[in-house]
Structure formats: structure tokens, C-alpha cells
Undergrad: 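This is the structure I want to talk about, given as C-alpha cells.
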Protein chains: 2
Amino acid sequence: MTKARKAILEALKASVQPVTAMMLAKEPSLSYDQATVYRNLHYLEELGMAQSFILHCTEHGTERYYSYRGADCGIHHHWFHCEKCHRFIDLGSCGYDEQMHAWEKKWDFTITDHTFFLTGICSACKA
Amino acid sequence: MTKARKAILEALKASVQPVTAMMLAKEPSLSYDQATVYRNLHYLEELGMAQSFILHCTEHGTERYYSYRGADCGIHHHWFHCEKCHRFIDLGSCGYDEQMHAWEKKWDFTITDHTFFLTGICSACKA
DNA sequence: GGAAAATTTGCGAATGACTTGCAAATTTTT
DNA sequence: AAAAATTTGCAAGTCATTCGCAAATTTTCC
């Protein structure tokens, strides 16, 4: 595992919030080329050490957000995104296996991935 | 309501599958400029007559898909997307109001939107 | 009904996230 | 530690989507 790879994985692991490739590329403590960041995020996701979703927010446009996914942090997570302060709230581990299994049976398809997230205004921003 | 607007809304209404702006722009029977298509899809969504979600598929890249949303077609729908044949399967009306209300209570945020869809291989493509 | 005001359209150029080709640098193999 | 394989940085490219602006259409008002 290369230096860049390790650094990017560590950054993901350390971040409480999902982050974009751009955020990581601009992080002074990392300072890897954006192409390298993009490539390594792909790599880490393929390995199952990261998970991502694409989110559009009026202020920041459409971007893919990554978060760490390790044995220690449980499985697939879902998030709420505040459109005012742009913070994410972790809704916890995904609890939809059962429902998805039911759908697979009903429609006879095979689910390889699912996307779920919420957007709105968080408690702090409402006040 | 302008001619373009009407035509685009009709196209959405007529389509069984969610469609992208590009698909509509390239439809010979419509032949409106892409900027017009994009602008009117935004308009229709703001009015609540269309709904959309962003989906990334390896073959077609990242695009926003729109579908009709009228009194006659029920409320918010969710979809399964087959990564082989690129067809969508309508999973029916969204049944998550309760769960989302529970989340709003638990976290004290206000949900303005939610995104949910599945990707995988459909029945026909497995065979 | 028709002229003025307001909105929308088409065109071309711009934006911004993400990707790619390629030579140099690093990592892995042996 | 040299050869082989992979990864990196850079610069240029791609592609969905947006924007500015003048011309065309739609709406408003008399």
C-alpha cells in the first residue's frame, strides 16, 4: 500500500463527516494530486474500505461523498444532510436488509447496491 | 404555459421510465434546445409536477433522471435500476413517511427531501 | 386586438467534477 | 539491488449542466 493510499484512508477514517475528493485534495496535510485522490478513493471503495454516495446541494453542486467503512465501524451507513450548515448526521447502520430481500423476491432482481439519504434543515439551523 | 413546457411535461407523463434531460433534448419529436429542456425540468420539479434523482451507472455516467409526478400517479416513487439493460422498475409509492417522522423526532431535524433507489441486475438480465 | 412589459428560447461559451495519457517516481518482485 | 509492475503528477480532455445575451414568444393591460 502506497503512501498516498495510506494517507487518504487515514483521512477518511479520521473524518466524522463524509468528504469529497476535492476536500481531500485541498487538505494541506495531504497534498496529493486530485487525480491521485480520485483514483485512490475508487480503489478503497472497490476494496470495501470506503463507501460513497452522490449528493446534490444547492450551494456546493453535485459531488460524491466518501466515508470510511471498516469492520470497526459496522456496515453500510446512511446520512442526513443539512442544507444550511452542510453537516451530515449519521443515521446509523442500514437496517433495510429485510425490506430489500422482500423486494428481491417480489421482483426477482438482484440488488447490488442501494442509495438512501435525507436532506433538510438540522436542529441547530432551525433555531 | 409555453409550448416547450407543455411538450416536455407531456413527454414525462408519457414515459414509463425515468428520463434524463439529454434523452428529452435528443428526442426528435421534441427538438428543443438542451438549455430549454434543463430549465423546464427544473421548473416542473419546482412546481411539483416532476420528481428526480441523480444516478450513476458505469455505462452512462452520472445523470439526473426525471419522472412525472401528478395527482393521478400518486406521490413520490422509488426505483430499481438494472445495470445491464438500464431499465427501471417502479417500486411503487414511497412508504417511508412513518420512519422519516420517527427520525425527525429523534434528531430534531426537518426533512425536506429524501433519496432512495436500488441498483442491480433485473430478472430478465440474470437469465 | 394590439402594443408594451415580462418571460422564455436558442445559441455559444463557460463551469466544474471527474477522467485520462504519458513520462517520471515509487513500490513490489525476485 | 536490479528488473518488472504499479502509482503518481501534470496537463489536457470529457461530459453533464449552467449562463449571458439577443431574438422570439407569452402575458398583461388598455
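No experiment lies behind these values; they were computed from the predicted model shown. Scope of the values below: all heavy atoms of this structure, side chains included, with no hydrogens, waters or symmetry mates.
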Undergrad: On DNA chain D, compare the nucleotides closest to B:R64 and A:Q34; which residue's is nearer the 5' end?
TA: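 Looking at the nearest nucleotide for each, A:Q34 comes out on the 5' side.
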
Undergrad: Establish, with yes or no, whether the OP1 or OP2 oxygen of D:dT17 is under 4.0 angstrom from a side-chain nitrogen or oxygen of B:Y38.
TA: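 B:Y38 to D:dT17 OP1/OP2: side-chain N or O found under 4.0 Å.
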
Undergrad: What's the separation between atom CE in A:M23 and atom OG1 in A:T20, rounded to the nearest 0.5 Å?
TA: 4.0 Å

Undergrad: Figure out the CE/C1' separation between A:M23 and C:dG16, and round it to whole Å.
TA: 15 Å

Undergrad: Please report, rounded to the nearest Å, how far the P atom of D:dA16 is from the NE2 atom of A:H56.
TA: 17 Å

Undergrad: Ring centres of A:H114 and A:H78 under 6.0 Å apart?
TA: yes

Undergrad: Under 6.0 Å between the ring centres of A:Y65 and A:F88?
TA: yes

Undergrad: What is the distance from OH of B:Y32 to C1' of D:dT17, rounded to the nearest Å?
TA: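 Rounded to whole Å, this separation is 21 Å.
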
Undergrad: Look at all strands and tell whether A:H42 reaches a base, only sugar-phosphate, or nothing, counting heavy atoms closer than 4.0 Å.
TA: sugar-phosphate

Undergrad: Rounded to the Å, how far apart are B:H60 NE2 and D:dT14 P?
TA: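 Atom-to-atom, B:H60 to D:dT14, this comes out as 19 Å.
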
Undergrad: Quick check for you: among D:dT7, D:dG9, C:dC11, whose closest atom lies nearest to any side-chain atom of A:T36?
TA: D:dG9

Undergrad: Is there a donor-acceptor contact under 3.5 Å linking the side chains of A:Q51 and A:H77?
TA: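 No donor-acceptor contact under 3.5 Å links the two side chains.
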
Undergrad: Donor-acceptor pairs are to be reported for all side-chain atoms of residues 115-127 of chain B against protein atoms at under 3.5 Å, with residues two or more places apart or in another chain.
TA:
unit_1	atom_1	unit_2	atom_2	d
B:T119	OG1	A:D113	O	3.4
B:S123	OG	A:D108	OD2	2.6
B:K126	NZ	A:D108	O	3.1
B:K126	NZ	A:T110	OG1	3.2

Undergrad: Between the protein and nucleotides 27-30 of chain C, are there any N/O to N/O pairs under 3.5 Å, and if so, what are the atom names and distances?
TA:
unit_1	atom_1	unit_2	atom_2	d
C:dT28	OP1	A:M1	N	2.8

Undergrad: Could you state the atom-to-atom distance from CD1 of B:I8 to C1' of C:dT9 in whole Å?
TA: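 B:I8 atom CD1 is separated from C:dT9 atom C1' by 11 Å.
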
Undergrad: Across the strands shown, which category fits A:T62 at heavy-atom distances under 4.0 angstrom: base, sugar-phosphate, nothing?
TA: sugar-phosphate

Undergrad: Answer yes if the ring centres of A:Y96 and B:Y96 are under 6.0 angstrom apart, and no otherwise.
TA: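 Under 6.0 Å, so yes.
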
Undergrad: A:D33 has an atom CG; how far is it from atom P of C:dT19, in whole Å?
TA: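 For the pair A:D33 CG and C:dT19 P, the rounded distance is 13 Å.
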
Undergrad: Which whole-number value in Å describes the distance from B:L24 CG to C:dT9 P?
TA: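 Taking CG of B:L24 and P of C:dT9, I get 14 Å after rounding.
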
Undergrad: Atom CD1 of B:I54 and atom P of C:dA17: how far apart are they, to the nearest Å?
TA: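 Answer to the nearest Å: 13 Å.
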
Undergrad: Would you say the side-chain atoms of A:Q17 pair up with the backbone N or O of A:R87, donor to acceptor, closer than 3.5 Å?
TA: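 It does not hold such a pair.
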
Undergrad: Need one value for A:R39: base, sugar-phosphate or nothing, where a base atom within 4.0 Å counts as base even if backbone is also close, heavy atoms only.
TA: base

